[in-house]
K.L.:
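The following block contains the structure, expressed as structure tokens.
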Amino acid sequence: MKVPYLSFRLMHDQIKSATLNAFEQFYDSQQYVSGSLVNKFEIEYAVFNQVNHAVAVSNGLDALFLSLKALGIKAGDEVIIPSNTYIATALAVSHLGAVPVLVEPDIRTYNLDPNQISRAITKKTKAMIPVHLYGQSCEMNTIMEIANQHGLHVVEDNAQAHGATFKDKKTGSFGILNATSFYPGKNLGALGEAGCITTNNEQLAGIVSKLRNYGSSEKYYNELLGHNMRMDELQAAILSIKLHEINAWTTARQKNAALYLKLLSDLPQIILPVVATDATHVFHIFAIRTTQRNSLQAHLTENGIGTMIHYPVPIHLQKAYQHLHFNKNDFLIAELIADTTLSLPCWPGMQDSEIEFVANQIKLFFLKHV
Ligand SMILES: *Cc1c(COP(=O)(O)O)cnc(C)c1O
């Protein structure tokens, strides 16, 4: 048996005829950017995400960047982000000349630890970006309270958590502006690059909507120094189709996770994902941890099982951030996660027998390596 880390097989079989129909309509429409399909998807995604406005953009990094830019984040400002996130969260801050301030996560949930935030706040702090890592919501109520006490903006990075909730409220609806990604491998993925900003603030929705479109809302009249960071019509058409399936696909991921949790619960050598009180987890990534990560990964590869490491190098040890002069041991929790985490296949459409195969191979490995 072979189990790839991610397969679109079942998902894309389900929507193939609808997608090919949509492609034909798109092709015949002769309207390839800035047509009605992006608008239609924005309205649908706003409803899904329980917000008043969704502004479709080119990708997740641009969604983060435009959100921070619209909030006036500029050179010298500080923005708090988790020490164990994907590089995009940090880059969005850096591209505005602002400084990403790293805060260690809670080692149980891998999400921003509210107890660590206050001590990172300085006079220069303007915003924070909680990342719903691996698909689990951060403790949004506490995070919003801390932000309000200190007058900080919250921009959620919801790239991994479409449909997750905290106390029944969707991630991507707490912050003033929130960013998500529809990169193909995300839970809601386009067939190319795409992303979105979600907000309840009409004025800021207007600003990001102009910023993504050359600073313009009327062609050839430019009010702001904008960018070309639009979503194209084809991606919007495909995302509208996939949005109908996202809840079922999330349930499928959660069922996979539940089966892994059951099958792996008696292995003392591995740490399984934990879902915090009041949070839900949409299992974009099913990450386990073990001190024998590298040899376990090699064993699974040899046996036809694809895995990934999210992420092998924490931001403070990336070459791109050497100008911030971080050292090894500066963020011990981020380093511990980087050294021990392993992501198992968890895609919608996996058969129980495939999950059992992965779990059995993990058990076999630990029988040999006690
Ligand atoms: C994927 C991802 C992004 C960036 O999204 P792109 O569409 O690839 O630019 C940002 N943050 C997190 C946490 C991500 O996983």
Side-chain angles (χ1 to χ4, degrees), residues 5-6 38 41 45 49 54-69 79-96 100 102-103 105 109-112 127-138 140 143 154-164 171-172 174-175 177-198 208 212 227-232 234-236 238-239 242 253 279 281-287 308-315 318 320-321 334 337-338 341 343 346-347:
Y5 176 67
L6 170 63
V38 166
F41 173 69
Y45 194 71
N49 207 93
V55 179
V57 297
S58 35
N59 57 58
L61 172 60
D62 292 346
L64 285 164
F65 169 81
L66 290 179
S67 298
L68 296 174
K69 182 164 176 157
V79 178
I80 290 173
I81 69 168
S83 56
N84 61 323
T85 180
Y86 180 56
I87 192 81
T89 320
L91 289 176
V93 176
S94 301
H95 288 328
L96 286 160
L102 304 175
V103 167
T109 60
Y110 312 128
N111 275 334
L112 206 52
M128 61 174 135
I129 312 181
V131 180
H132 308 296
L133 200 72
Y134 303 158
Q136 171 165 209
S137 170
C138 295
M140 285 316 296
I143 288 175
V154 170
V155 173
E156 291 169 74
D157 181 337
N158 199 30
Q160 302 192 354
H162 312 101
T171 56
F174 290 86
L177 288 168
N178 309 297
T180 195
S181 163
F182 304 120
Y183 181 79
K186 307 289 188 195
N187 285 21
L188 181 60
L191 300 185
E193 305 284 353
C196 190
I197 295 164
T198 50
V208 288
R212 72 170 166 184
H227 304 263
N228 180 355
M229 293 180 171
R230 298 181 297 237
M231 183 190 286
D232 67 68
L234 182 59
Q235 301 311 330
I238 288 153
L239 287 165
K242 285 196 169 186
R253 286 176 184 274
H281 199 319
V282 296
F283 289 102
H284 172 57
I285 289 169
F286 187 94
M308 297 276 277
I309 295 170
H310 298 99
Y311 299 92
V313 182
I315 287 165
Q318 293 281 4
Y321 277 106
I337 295 169
T341 192
S343 307
C346 195
W347 34 275

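Just so you know, ligand 1 is whichever comes first in the structure, and atom 1 is the first atom listed for that ligand. Along the sequence shown, residues carry numbers from 1.
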K.L.:
Where is the nearest protein heavy atom to atom 9 (O) of ligand 1: which residue, which atom, and how far?
P.N.:
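Minimum-distance protein heavy atom for atom 9 (O) of ligand 1 reads L61 N, 2.9 Å.
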K.L.:
Which ligand 1 atoms, with their elements, are less than 4.0 angstrom from a heavy-atom of N59?
P.N.:
7 (O), 9 (O)
K.L.:
Which value, rounded to the nearest 0.5 Å, describes the distance between Y311 atom OH and S343 atom OG?
P.N.:
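If we round to the nearest 0.5 Å, Y311:OH and S343:OG are 8.0 Å apart.
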K.L.:
Considering distance alone, does some N or O of S181 sit under 3.5 Å from an N or O of ligand 1?
P.N.:
yes
K.L.:
Students should be able to answer this: which protein heavy-atom is nearest to atom 1 (C) of ligand 1, and at what distance?
P.N.:
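The closest one turns out to be K186 NZ, 1.6 Å.
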K.L.:
Please report the interatomic distance OH(Y86) to CD1(I81), rounded to the nearest 0.5 Å.
P.N.:
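The OH atom of Y86 sits 13.0 Å away from the CD1 atom of I81.
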K.L.:
Can any side-chain N or O of H284 pair as donor or acceptor with the backbone N or O of L133 at less than 3.5 Å?
P.N.:
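Here the side-chain-to-backbone pair does not exist.
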K.L.:
Around atom 11 (N) of ligand 1, find the nearest protein heavy atom and jot down its residue, atom name and distance.
P.N.:
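Sorting protein heavy atoms by distance from atom 11 (N) of ligand 1 puts D157 OD2, 2.7 Å first.
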K.L.:
Which residue and atom name correspond to the protein heavy atom nearest atom 4 (C) of ligand 1, and how close is it?
P.N.:
A88 CB, 3.7 Å
K.L.:
Any N or O on L64 sitting closer than 3.5 Å to an N or O of ligand 1?
P.N.:
no
K.L.:
Keeping the roles fixed (side chain from K69, backbone from L96), state whether a donor-acceptor pair exists under 3.5 Å.
P.N.:
no
K.L.:
I'd like to check which ligand 1 atoms, numbered from 1 as shown, lie under 4.0 Å from a non-hydrogen atom of V131.
P.N.:
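Checking each atom against V131, I get 13 (C).
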K.L.:
Counting C-beta onward and ignoring hydrogens, is there a side-chain heavy-atom pair between I129 and V93 closer than 4.5 Å?
P.N.:
yes
K.L.:
Please round to the nearest 0.5 Å and tell me the distance separating atom NE2 of H281 and atom CD of Q160.
P.N.:
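Result: 9.5 Å between the selected atoms.
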K.L.:
Just which atoms of ligand 1 are under 4.0 Å from any heavy atom in A159?
P.N.:
2 (C), 3 (C), 10 (C), 11 (N), 12 (C), 14 (C), 15 (O)
K.L.:
Evaluate Q160 for polar contact with ligand 1, using N/O atom pairs at a separation under 3.5 Å.
P.N.:
yes
K.L.:
Would you check if the side chain of N187 reaches a backbone N or O of V282 as a donor-acceptor pair within less than 3.5 Å?
P.N.:
yes
